[in-house]
A.B. asks: 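Before anything else, here's the structure in question.
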Amino acid sequence: MKRFLFAAAAACVLTFSAAVQARIVALEIEKSEPFAARTSFGAAGEYVRITGKARGELDPNLPVNKGIINLDKAPRNARGMVEYETDIFILRPADPAKGNGRMLYEVNNRGRKFLSVWLMDAPPVAAGAINDPRTAEHAGNGLFLRLGYTIVWSGWDPDAPRAGSGMAMTVPVATNNGQPIVRIIRDELVSGTRGPQVDAFRLSYAAASLEQSQAKLTVRRKEAYAKVDIPASGWAYADARTIKLLPDGTKPEPGALYEFTYPAKDPKVLGIGYAATRDVVSFLRYAAHDDAGSANPVGAPIRHVLGVGISQSGRYLRDHISQGFNQDEARRKVFDGVLAHISGIGRVFHNAEFGQPFRTNTQHEDHTYPENEFPFAAAMLKDAVTGKAGSLLRGDGFDPLLIEVNTSTEYWQKGASLLHTDPLGRRDVVLNKNARVFMVAGTQHGGRAGLTTAPGPCANPRNPHSPAPVLRALIVALDMWVVSGTAPPNSMVPTIKAGTLVPPDQTGFPAIPGA
């Protein structure tokens with residue numbers, strides 16, 4: 001690796017604040033090269049792509065870091081700081097002066113970059129992601145490049161796959177005064193639903209003991225069915241992170257829910273991922289250089305930052321706001337505006353000991369993992385059970401302007417109606433003036449450009465409708481809201497008052513034979 005020295009730094013007068021930096025101590029740039037064979041994107045001109053790593057450190061004693069679970073149990077360097085490292089990827093105008101002074105930061109989804117395919121109509125690819133954008137085709141319609149944004153990604157999940165140019169990060173393992181932390185945890189293991197069929201199951205954490213008597217494996221076909229014990233003669237550890245069914249060669253039943261309870265060890269300090277996003281964005285926005293004097297690679301001042309997240313990464317952004325990570329260690333705002341798409345009322349099982357951020361509740365699986373958490377809406381209201389008042393937006397002076405977008409899927413499966421009703425779904429609520437909520441009706445969770453009606457693994461044709469035009473318009477509206485104070489359209493959702501939001505049994509949906 002070599003330190004990146006921006007070639008034009010001597011010719012630019014940078015106006016970054018250098019008095020206090022976000023705690024990115026070193027930015028190590030591995031490569032800076034022309035993007036899309038020097039294609040010119042309108043007035044913004046050519047772009048360059050920059051890849052590398054950011055090394056950061058956190059002070060466990062600072063109030064803004066206190067909410068990171070087990071940060072106090074992480075090893076520290078000679079300065080008493082906790083260290084981490086995260087992948088970074090930047091697309092910025094080759095001539096920074098031609099940029100619009102704004103950063104568009106996409107939170108990656110399980111290591112994947114969705115922006116080009118989901119929002120700029122790039123040709124569909126595997127898993128809807130273009131993880132290593134290089135060509136003009138990878139830029140799709142190029143909207144956000146033509147508008148002059150600096151586009152940034154960084155890692156936040158240590159266990160996100162790096163294969164295929166995925167993005168992840170490195171965080172320390174928590175200990176009890178140097179001794180391993182061991183807890184009994186539960187893994188739900190499924191083959192052939194959201195992923196391929198497998199021959200063996202990969203565990204979320206290493207087993208602290210391979211003694212079968214300390215673990216238990218059950219199976220059931222559906223969540224509501226009774227669990228059936230699989231005896232010790234029916235399974236074995238292949239290693240500390242893998243179990244297999246016996247006799248050898250036995251494959252898991254596709255779609256069945258296997259539940260494995262076992263003593264796990266060595267939890268990573270996952271919540272550092274929130275601080276890493278905070279500090280990478282803050283560094284690129286506010287800092288002139290890192291601790292070694294290497295220049296900020298964006299090359300020009302960033303005046304405003306928009307954050308975008310799709311599905312899991314939208315749930316991540318809801319957590320980022322609610323858990324207080326939208327202010328950095330120097331008490332400066334990180335994101336000015338946030339758009340979360342197809343996130344429902346979800347959060348991420350991330351900032352927890354033995355967290356499993358890849359989990360998400362579907363119609364079939366992951367029903368008993370933490371995801372939906374009060375407060376759901378950007379409105380001050382009380383939980384009907386606990387009586388606790390709250391709002392997704394904290395009201396601490398660091399809240400971003402917020403737009404949440406969902407499709408029909410999230411209303412049926414992800415509790416999206418609770419974004420704009422009370423917790424019991426009995427009345428509409430008035431949202432915070434700094435929030436908007438939209439429903440794109442008749443659209444599926446994975447809707448994007450280029451989809452067809454081909455059934456794929458399903459029995460019926462799939463919905464090819466793309467919400468991308470709506471999302472592009474709302475990002476532009478969010479930008480105008482942030483930059484000039486021009487309010488976006490009012491929220492557009494079904495409501496109880498209008499009779500367009502009703503209980504499932506009152507929808508009048510016709511019965512389907514055999515379904």
Side-chain angles (χ1 to χ4, degrees), residues 64 66-71 105-110 114 156-160 185-186 188 204 267-278 307-327 334-335 338-362 365-381 383-386 388-396 398-400 402-407 409-411 413-421 423 431-432 435 437 445:
V64 292
K66 288 284 190 180
I68 300 174
I69 301 300
N70 279 348
L71 187 65
Y105 179 94
E106 185 199 8
V107 179
N108 71 75
N109 181 309
R110 298 172 176 84
F114 279 176
W156 62 272
D157 179 1
D159 294 318
I185 73 166
R186 179 178 59 88
E188 186 177 278
S204 298
K268 296 174 183 175
V269 187
L270 297 178
I272 288 176
Y274 291 106
T277 298
R278 175 195 73 193
V308 174
I310 298 172
S311 193
Q312 182 210 38
S313 50
R315 292 188 286 118
Y316 169 97
L317 280 169
R318 288 171 53 78
D319 252 350
H320 173 95
I321 297 167
S322 182
Q323 294 197 38
F325 288 98
N326 208 45
Q327 62 166 307
V334 180
F335 295 113
V338 161
L339 185 144
H341 178 51
I342 55 174
S343 307
I345 55 169
R347 309 290 182 88
V348 185
F349 182 25
H350 186 60
N351 187 18
E353 189 174 77
F354 294 101
Q356 300 175 30
F358 61 91
R359 300 285 181 185
T360 185
N361 187 325
T362 69
E365 54 199 277
D366 285 354
H367 287 191
T368 52
Y369 286 91
E371 180 173 335
N372 302 328
E373 180 182 348
F374 181 84
F376 309 122
M380 186 58 68
L381 45 79
D383 183 279
V385 176
T386 67
K388 176 184 176 183
S391 170
L392 178 70
L393 298 178
R394 296 166 60 88
D396 58 3
F398 297 96
D399 287 329
L402 175 64
I403 292 179
E404 300 207 60
V405 190
N406 288 284
T407 71
T409 301
E410 289 73 53
Y411 277 78
Q413 191 170 305
K414 291 291 186 181
S417 62
L418 291 172
L419 293 173
H420 49 89
T421 73
L431 296 178
N432 186 298
V437 181
H445 182 82

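Hydrogens, waters and symmetry mates are skipped; everything else that's a heavy atom, side chains included, is used. Throughout, residue positions are numbered sequentially from 1 according to the sequence presented.
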A.B. asks: Looking at every non-hydrogen atom in both residues, tell me the closest pair between Lys268 and Asp159 and how far apart they are.
C.D. replies: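 Shortest heavy-atom separation between Lys268 and Asp159 comes out as NZ-OD1, 2.7 Å.
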A.B. asks: Donor-acceptor pair, His350 side chain versus Gly355 backbone, under 3.5 Å?
C.D. replies: no
A.B. asks: Do His320 and Val338 make a side-chain contact, defined as non-hydrogen atoms from C-beta onward lying under 4.5 Å apart?
C.D. replies: no
A.B. asks: Are the side chain of Ser343 and the backbone N or O of His341 linked by a donor-acceptor pair below 3.5 Å?
C.D. replies: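 A pair under 3.5 Å: yes.
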A.B. asks: Could you tell me which non-hydrogen atom of Ala377 sits nearest to which non-hydrogen atom of Leu431, and how far apart they are?
C.D. replies: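 It is CB-CD2, 4.4 Å.
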A.B. asks: Rounded at 0.5 Å granularity, tell me how far CG in Asp319 sits from CZ in Phe325.
C.D. replies: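 So the gap between those two atoms works out to 9.0 Å.
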A.B. asks: Take Asp366 and Glu188, measure what side chain to side chain contact (heavy atoms under 4.5 Å, CB included) needs, and give me the verdict at the end.
C.D. replies: CA-CA 7 Å; Asp366 285 354; Glu188 186 177 278; 3.3 Å; yes
A.B. asks: Would you call the rings of Trp156 and Tyr316 parallel, tilted or perpendicular, taking 30° and 60° as the class edges?
C.D. replies: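 Because their plane-to-plane angle lies in the 30° to 60° range, the rings of Trp156 and Tyr316 count as tilted.
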A.B. asks: I need the Asn361 CG to Gln413 CD distance, nearest 0.5 Å.
C.D. replies: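 Asn361 CG to Gln413 CD: 7.0 Å, rounded to 0.5 Å.
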A.B. asks: Could you pull out the closest heavy-atom pair between Pro357 and Leu270, with the gap in Å?
C.D. replies: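 Shortest heavy-atom contact: CD-CD1, 4.2 Å.
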A.B. asks: Show the nearest heavy-atom pair for residues Glu353 and Asn70, with the distance to one decimal.
C.D. replies: OE2-ND2, 2.9 Å
A.B. asks: For Thr362 and His367, which heavy atoms make the closest approach, and how far apart are they?
C.D. replies: O-NE2, 2.7 Å
A.B. asks: Got Asn351 and Gln323 here, is their nearest side-chain heavy-atom distance under 4.5 Å?
C.D. replies: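 Heavy-atom side-chain distance check passes, below 4.5 Å.
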A.B. asks: Judged by atom type as modelled, is there a donor-acceptor pair below 3.5 Å linking the side chain of Asp399 to the main-chain atoms of Arg394?
C.D. replies: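 Here the side-chain-to-backbone pair exists.
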A.B. asks: Does any N or O in the side chain of Asn432 come within less than 3.5 Å of the main-chain N or O of Met380, such that one atom is a donor and the other an acceptor?
C.D. replies: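 Not a single qualifying donor-acceptor pair exists.
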A.B. asks: Can you tell me how far the CZ atom of Phe335 sits from the CG atom of Asn326, to the nearest 0.5 Å?
C.D. replies: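 The distance works out to 7.0 Å.
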A.B. asks: Determine yes or no for a side-chain-to-main-chain donor-acceptor pair under 3.5 angstrom, with Asn109 supplying the side chain and Ile310 the backbone.
C.D. replies: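 Here the side-chain-to-backbone pair exists.
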A.B. asks: What distance do Phe358 atom CZ and Gln312 atom CD have between them, rounded to the nearest 0.5 Å?
C.D. replies: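 It comes to 10.5 Å.
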A.B. asks: Answer yes when Glu404 and Arg318 have at least one side-chain N-carboxylate O distance shorter than 4.0 Å, and no when they do not.
C.D. replies: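 Judged by the 4.0 Å cut-off on N to carboxylate O distance, Glu404 and Arg318 do form a salt bridge.
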A.B. asks: Could you tell me the separation between the CD1 atom of Ile321 and the CG atom of Leu402, rounded to the nearest 0.5 Å?
C.D. replies: 5.0 Å
A.B. asks: List the steps and the verdict of side chain to side chain contact (heavy atoms under 4.5 Å, CB included) for Thr360 and Glu371.
C.D. replies: CA-CA 7 Å; Thr360 185; Glu371 180 173 335; 3.4 Å; yes
A.B. asks: Quick check for you: to the nearest 0.5 Å, what is the distance between Phe374 atom CZ and Lys388 atom NZ?
C.D. replies: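 Those atoms lie 7.5 Å apart.
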A.B. asks: Could you walk me through whether Ile185 and Gln356 pass side chain to side chain contact (heavy atoms under 4.5 Å, CB included), step by step?
C.D. replies: CA-CA 11 Å; Ile185 73 166; Gln356 300 175 30; 4.2 Å; yes
A.B. asks: For His420 and Tyr411, which heavy atoms make the closest approach, and how far apart are they?
C.D. replies: NE2-OH, 2.8 Å
A.B. asks: With no hydrogens and no angle check, just 3.5 Å: does a side-chain donor-acceptor pair link Arg347 and Ser322?
C.D. replies: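 There is such a pair (donor and acceptor under 3.5 Å, judged by atom type) between the side chains of Arg347 and Ser322.
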A.B. asks: When you compare the side chain of Ile68 with that of Val269, does any pair of heavy atoms fall below 4.5 Å?
C.D. replies: yes
A.B. asks: Decide yes or no for Glu410 and Leu419: does some side-chain heavy atom of the first lie under 4.5 Å from some side-chain heavy atom of the second?
C.D. replies: no
A.B. asks: Between Asp383 and Pro423 (side chain of the first, backbone of the second, donor and acceptor by atom type, cut-off under 3.5 Å), is there such a pair?
C.D. replies: no
A.B. asks: Is the terminal nitrogen or CZ of Arg359 (NZ for Lys, CZ for Arg) located under 6.0 angstrom from the six-membered ring centre of Tyr369 and within 45° of that ring's axis?
C.D. replies: yes
